[in-house]
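For reference, the structure discussed in these notes is given below.
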Amino acid sequence: MIDEPHIVIRPDPFTVAEIELMVADPANGAICSFSGLVRDHSHDRPVIALEYDAYIPMAEQIMREIAMDIGHEFSINRLAMVHRIGTMQIGELVVVVSAGAAHRAAAFQAAQAGIDRLKKTAPIWKKEHFADGSEWVGATREG
Amino acid sequence: MIDEPHIVIRPDPFTVAEIELMVADPANGAICSFSGLVRDHSHDRPVIALEYDAYIPMAEQIMREIAMDIGHEFSINRLAMVHRIGTMQIGELVVVVSAGAAHRAAAFQAAQAGIDRLKKTAPIWKKEHFADGSEWVGATREG
Amino acid sequence: MAVTVKLFAVYRDLLGCSELEVDLPAQCTVSDAFDQVVGGHASSQLRQITMFAINERYVPAETVVNDGDRIAFIPPVSGG
Amino acid sequence: MAVTVKLFAVYRDLLGCSELEVDLPAQCTVSDAFDQVVGGHASSQLRQITMFAINERYVPAETVVNDGDRIAFIPPVSGG
């Protein structure tokens, strides 16, 4: 990888175009960007909003390690991973993983590995808000 | 697929954000966008600019067929494929393939299949401009 | 019969134009049309890797052309 | 010894706060700290699927805590 990865967890909204600027490079022939969005349902149940919490310094550190690993595994020039926290409405961007490379296969593989590994290990949590209540995903209903 | 795919070949520039708007849908949890850009080298030779030509009605028809096939093969909501023609400088966007889906695996697969198949069959041609000449890619040097 | 020939990329450069109206004999195939229109302008190597289209559809080289058809010679594609 | 406990997501909701300063006995493991801080607030099922971090690193449940450490209880992650 040419440069340090761009890794941020932040409460304010962002756009894909903004994140792709962070992976711009004259040697890029390909950029693959994954966007995770708030969708209107979860397991067939209508969703009103999502709320995200993160252990920011730990999650950013883990995302940085994931990005460095990916930079060694795939022939990419640059990588950005940006995750939003707070409450978001349907259609809003939650996360963008963007990889710039000379060739497209590496860009696709890096972006996919980035989002897969972020979801598996970064200490970030999602609360689903429904019409009749809310729930932290994966935690048994408590209290 | 929920809707007709959005397929265009055009001479004017575009942005990824503009194409992602065309695949927006409240049922999307994931969008994968592939961007092909003009890079500064080709087989280690410095590139000054790229020029693209297309048989527009035939290429759009083939891209539409590719998009309909992909809509049947993968669980996606929407798909857009936009290709630019004319002369472009380093860093400019040549093509964007964007797929919106409930889940990320389908979005990645659809975007990758889209760009792979477009490159293989759509009647679109690239001319590489170097400091000392230019060449249509894949055609033996002629004339 | 009269057909329209569309020329793109390397063929447009070789022939110096992007569209031709040509008169072809009956039972002429798209490959015969190529020989008549492009002929010695292209190397046999380029000819070998060229595909053909009639009315915006890929067709085999031996496809017979009909009056009013739009034919195109498709050099190796390189989009994306 | 004094440690800082960071609480996120379901644990913040269960305990009603996001950070606690607690006093722990020497040789206390991060799992012992969990029992002291969260205890009966969490089901045994939730406890079983909870991971632990010390100073922003995942650590095994039996890791001994040191004075001044920042510890965190990490319920199943669901980012992205």
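Just so it is clear, the structure is predicted and the values come from calculations on it, not from any experiment. Chain letters run A, B, ... following the sequence lines, proteins first, then strands; residues in each count from 1.
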* Asked: Looking at D:Lys6, D:Met51, D:Arg57, which one has more heavy-atom pairs under 4.5 Å with chain A than the rest?
  -> D:Arg57
* Structure fact -> So, the part of A:Leu37 with a heavy atom under 4.5 Å from chain D: the answer is neither
* Check A:Pro123 against D:Val77 and note the closest heavy-atom contact, atom names and distance. => CA-CG1, 3.7 Å
* Structure fact -> When the 4.5 angstrom heavy-atom criterion is applied to A:Ala59 and chain D, the contacting part is neither
* Asked: For A:Tyr52, is it the side chain, the backbone, both, or neither that has a heavy atom closer than 4.5 Å to a heavy atom of chain D?
  -> side chain
* **side-chain contact (heavy atoms from CB on, under 4.5 Å) between D:Arg12 and A:Asp53, intermediate numbers included** => CA-CA 10 Å; D:Arg12 190 170 51 190; A:Asp53 189 15; 3.1 Å; yes
* Looking only at heavy atoms, which of residues 61-74 of chain D get nearer than 4.5 Å to chain A? -> D:Arg70, D:Ala72, D:Ile74
* Structure fact -> Heavy atoms of D:Gly80 and A:Lys126 approach each other most closely as O-NZ, 4.3 Å
* **From A:Ile62 atom CD1 to D:Tyr58 atom OH, the distance as rounded to the nearest 0.5 Å** => 4.5 Å
* Asked: Quick one: side-chain contact (heavy atoms from CB on, under 4.5 Å) partners of A:Arg64, sequence neighbours excluded?
  -> A:Pro5, A:Ile7, A:Glu60, A:Gln61
* Any chance CD of D:Glu21 has more than 12 other-residue heavy atoms, nucleotides or ligands included, within less than 6.0 Å? -> yes
Give every donor-acceptor pair under 3.5 Å between a side-chain atom in residues 101-114 of chain A and any protein atom, sequence neighbours left out.
from: A:Arg104; atom 1: NE; to: B:Asp116; atom 2: OD1; distance (Å): 2.9
from: A:Arg104; atom 1: NH2; to: B:Asp116; atom 2: OD1; distance (Å): 2.8

* Structure fact -> Under 4.5 Å to a heavy atom of chain D? For A:Glu65 that would be side chain
* To do: Could you tell me whether a side-chain N or O of A:Trp125 sits under 3.5 Å from a main-chain N or O of D:Gly79, the two making a donor and an acceptor?
  => no
* Structure fact -> Whatever's closer than 4.5 Å to a heavy atom in chain D on A:Lys127 counts as side chain
* To do: Name the region of A:Val94, side chain, backbone, both or neither, that has any atom closer than 4.5 Å to a heavy atom of chain D.
  => side chain
* To do: State the CD-OG distance between A:Glu128 and D:Ser78, to the nearest 0.5 angstrom.
  => 8.0 Å
* To do: Enter the distance from A:Ile56:CD1 to D:Glu56:CD here, rounded to the nearest 0.5 Å.
  => 11.5 Å
* Asked: Sequence neighbours excluded, which residues qualify as side-chain contact (heavy atoms from CB on, under 4.5 Å) partners of A:Asp3?
  -> A:Arg78
* Structure fact -> Nearest heavy-atom contact between D:Pro76 and A:Gly138 is CG-O, 3.6 Å
